[in-house]
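Atoms within each ligand, like the ligands themselves, are counted from 1 in listed order. In this text the structure is predicted, and so the values were computed from the model without any measurement.
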Amino acid sequence: MANILVTGGAGFIGSNVVDEYIKNKNKVVILDDLSSGKEENINPKAKFYKMDIRDKKISKILKKEKIEVINHHAAQISVPDSVKNPVFDAEVNILGTLNLLQCAKEANIKRFIFVSSGGTVYGANAKLPATENMPITADNPYGISKVTGEHYVRFFSNQYNIKYVILRYSNVYGPRQIPHGEAGVVSIFINKILKGETPIIFGGGKCIRDYVFVGDVARANVLALYKATNKAINIGTGIKTDVNKLYSIICEITNFNKKAIMGPERAGDIPANFLDISNAKKYLNWQPETRLKDGIKKTYEFFLNTNKGGNK
Ligand SMILES: NC(=O)c1ccc[n+]([C@@H]2O[C@H](COP(=O)([O-])OP(=O)(O)OC[C@H]3O[C@@H](n4cnc5c(N)ncnc54)[C@H](O)[C@@H]3O)[C@@H](O)[C@H]2O)c1
């Protein structure tokens with residue numbers, strides 16, 4: 001049992017992590033500015049502060065709530081937005097992370113779990129599947145901000161003995177997903193189909209990604225409370241899925257039988273990314289348990305039942 005602050009705990013992945021922490025009897029405090037997160041995602045058993053991660057008063061909250069672990073999910077999450085406005089991306093993702101680390105130091109935090117992106121930190125030309133010991137580099141401002149965040153986490157750990165775990169997610173999908181994140185395509189396709197519209201597939205549908213279910217990701221965050229100390233760990237499936245295959249699975253589950261509209265290639269879409277997850281097995285004792293079909297079914301049922309979350 002631990003007292004944990006989850007930043008971004010009203011968002012898609014963060015709220016699923018909060019639920020799993022609470023299920024495992026931890027005490028959770030959420031810090032979120034609700035810029036993309038939603039009140040209905042907030043677990044009623046968690047205490048909630050509507051606050052920006054750049055706020056200097058966070059150290060006071062950490063002390064008041066006797067926080068032991070910070071789990072940092074809050075971020076500007078869109079690659080295209082980071083290209084359009086790299087200064088804002090850096091303010092939230094770099095300076096926000098740095099402020100949290102500084103507050104963590106002031107409040108004697110024991111452990112810092114930092115969420116990074118296995119889809120971007122290895123760069124477009126990475127040898128696949130990407131392994132954690134490959135150099136981290138990045139081709140866009142969002143990826144650069146995640147790489148920089150990782151460097152600061154390691155600096156604070158060396159300098160002030162704050163233990164850390166860096167989790168490098170592949171493309172996360174599942175209930176509460178919003179269309180803007182790295183696996184946004186799952187929620188975009190499902191919500192289009194629910195509205196009776198035909199989804200568009202760009203660039204021939206050959207882009208390969210590694211889709212991991214949010215429930216499995218949440219479990220990895222529970223294990224990271226105690227394991228994989230001072231390591232960066234890939235969290236994915238290692239399974240390659242192209243967009244055409246993803247579309248056919250979604251069509252099968254939703255009983256949709258129209259062919260997708262084929263659109264042009266999109267600038268900046270890297271052809272392939274998937275992760276080696278041997279270290280997650282070795283150091284976290286974690287592996288994904290949800291097959292893509294089952295995860296898509298749960299995601300579809302979520303949007304069908306709530307009709308919330310996917311259509312901002
Ligand atoms: N979705 C993916 O496939 C994926 C893949 C790799 C990494 N990630 C990372 O996972 C984390 C969560 O992403 P998500 O997909 O759940 O997105 P999300 O937008 O649902 O969650 C982000 C949360 O952070 C909050 N937030 C944003 N800026 C803030 C600020 N300045 N102060 C306080 N709160 C702020 C938002 O309101 C939101 O609740 C992010 O760090 C993202 O980079 C996501």
[X], portion touching ligand 1 at heavy-atom distance under 4.0 Å:
| X | value |
| --- | --- |
| Val92 | side chain |
| Thr7 | neither |
| Asp33 | both |
| Lys38 | neither |
| Tyr142 | side chain |

Heavy atom of [X] under 4.0 Å from ligand 1?
| X | value |
| --- | --- |
| Ser170 | yes |
| Arg168 | no |
| Ala10 | yes |
| Gly184 | no |

Going by the atom numbers of ligand 1, which of them fall below 4.0 Å from some non-hydrogen atom of [X]?
| X | result |
| --- | --- |
| Leu34 | 37 (O) |
| Asn171 | 3 (O) |
| Ile178 | 19 (O), 20 (O) |
| Ser116 | 6 (C), 7 (C) |
| Met51 | 32 (N), 33 (C) |

The single option from Leu284, Leu167, Val165, Ile233 passing side chain to side chain contact (heavy atoms under 4.5 Å, CB included) against Leu223 = Leu284
task = Return yes if some donor-acceptor pair links the side-chain N/O of Arg111 with the main-chain N/O of Ala224 below 3.5 Å, else return no.
result = yes
Below 3.5 angstrom, do we get any N/O pair linking [X] and ligand 1?
| X | result |
| --- | --- |
| Phe12 | yes |
| Gly37 | yes |
| His72 | no |
| Asp32 | yes |
| Gly11 | yes |
| Ser36 | yes |
| Tyr169 | no |
| Ser35 | yes |
| Ile13 | yes |
| Gly14 | no |

When you compare the side chains of [X] and [Y], does any donor N or O come within less than 3.5 Å of an acceptor on the partner?
| X | Y | value |
| --- | --- | --- |
| Asn71 | Asn221 | yes |
| Asp89 | Ser82 | no |
| Asn234 | Tyr122 | yes |
| Ser15 | Arg176 | yes |

inquiry  = If you define the side chain from C-beta out and look only at heavy atoms, does anything of Arg154 sit under 4.5 Å from Ile166?
reply    = yes
ask   = So, Tyr169 versus His73, ring centres under 6.0 angstrom or not?
value = yes
ask   = Quick one: are the ring centres of Phe213 and Tyr173 less than 6.0 Å apart?
value = yes
task = Would you mind listing every ring-ring contact (aromatic ring centres under 6.0 Å, His included) that reaches into residues 233-266, with sequence neighbours excluded?
result = Phe189-Tyr247
key: Intermediate values then yes/no, side-chain contact (heavy atoms from CB on, under 4.5 Å), Ile4 and Val29   = CA-CA 6 Å; Ile4 310 165; Val29 174; over 6 Å; no
ask   = Ion pair present between Lys245 and Asp242, side-chain N to carboxylate O less than 4.0 angstrom?
value = no
remark   = For Lys163, the salt bridge (Lys or Arg N to Asp or Glu O under 4.0 Å) test, sequence neighbours excluded, returns none
ask   = Please walk me through it: do Glu252 and Lys293 pass salt bridge (Lys or Arg N to Asp or Glu O under 4.0 Å)?
value = CA-CA 9 Å; Glu252 189 191 321; Lys293 260 189 190 170; 3.6 Å; yes
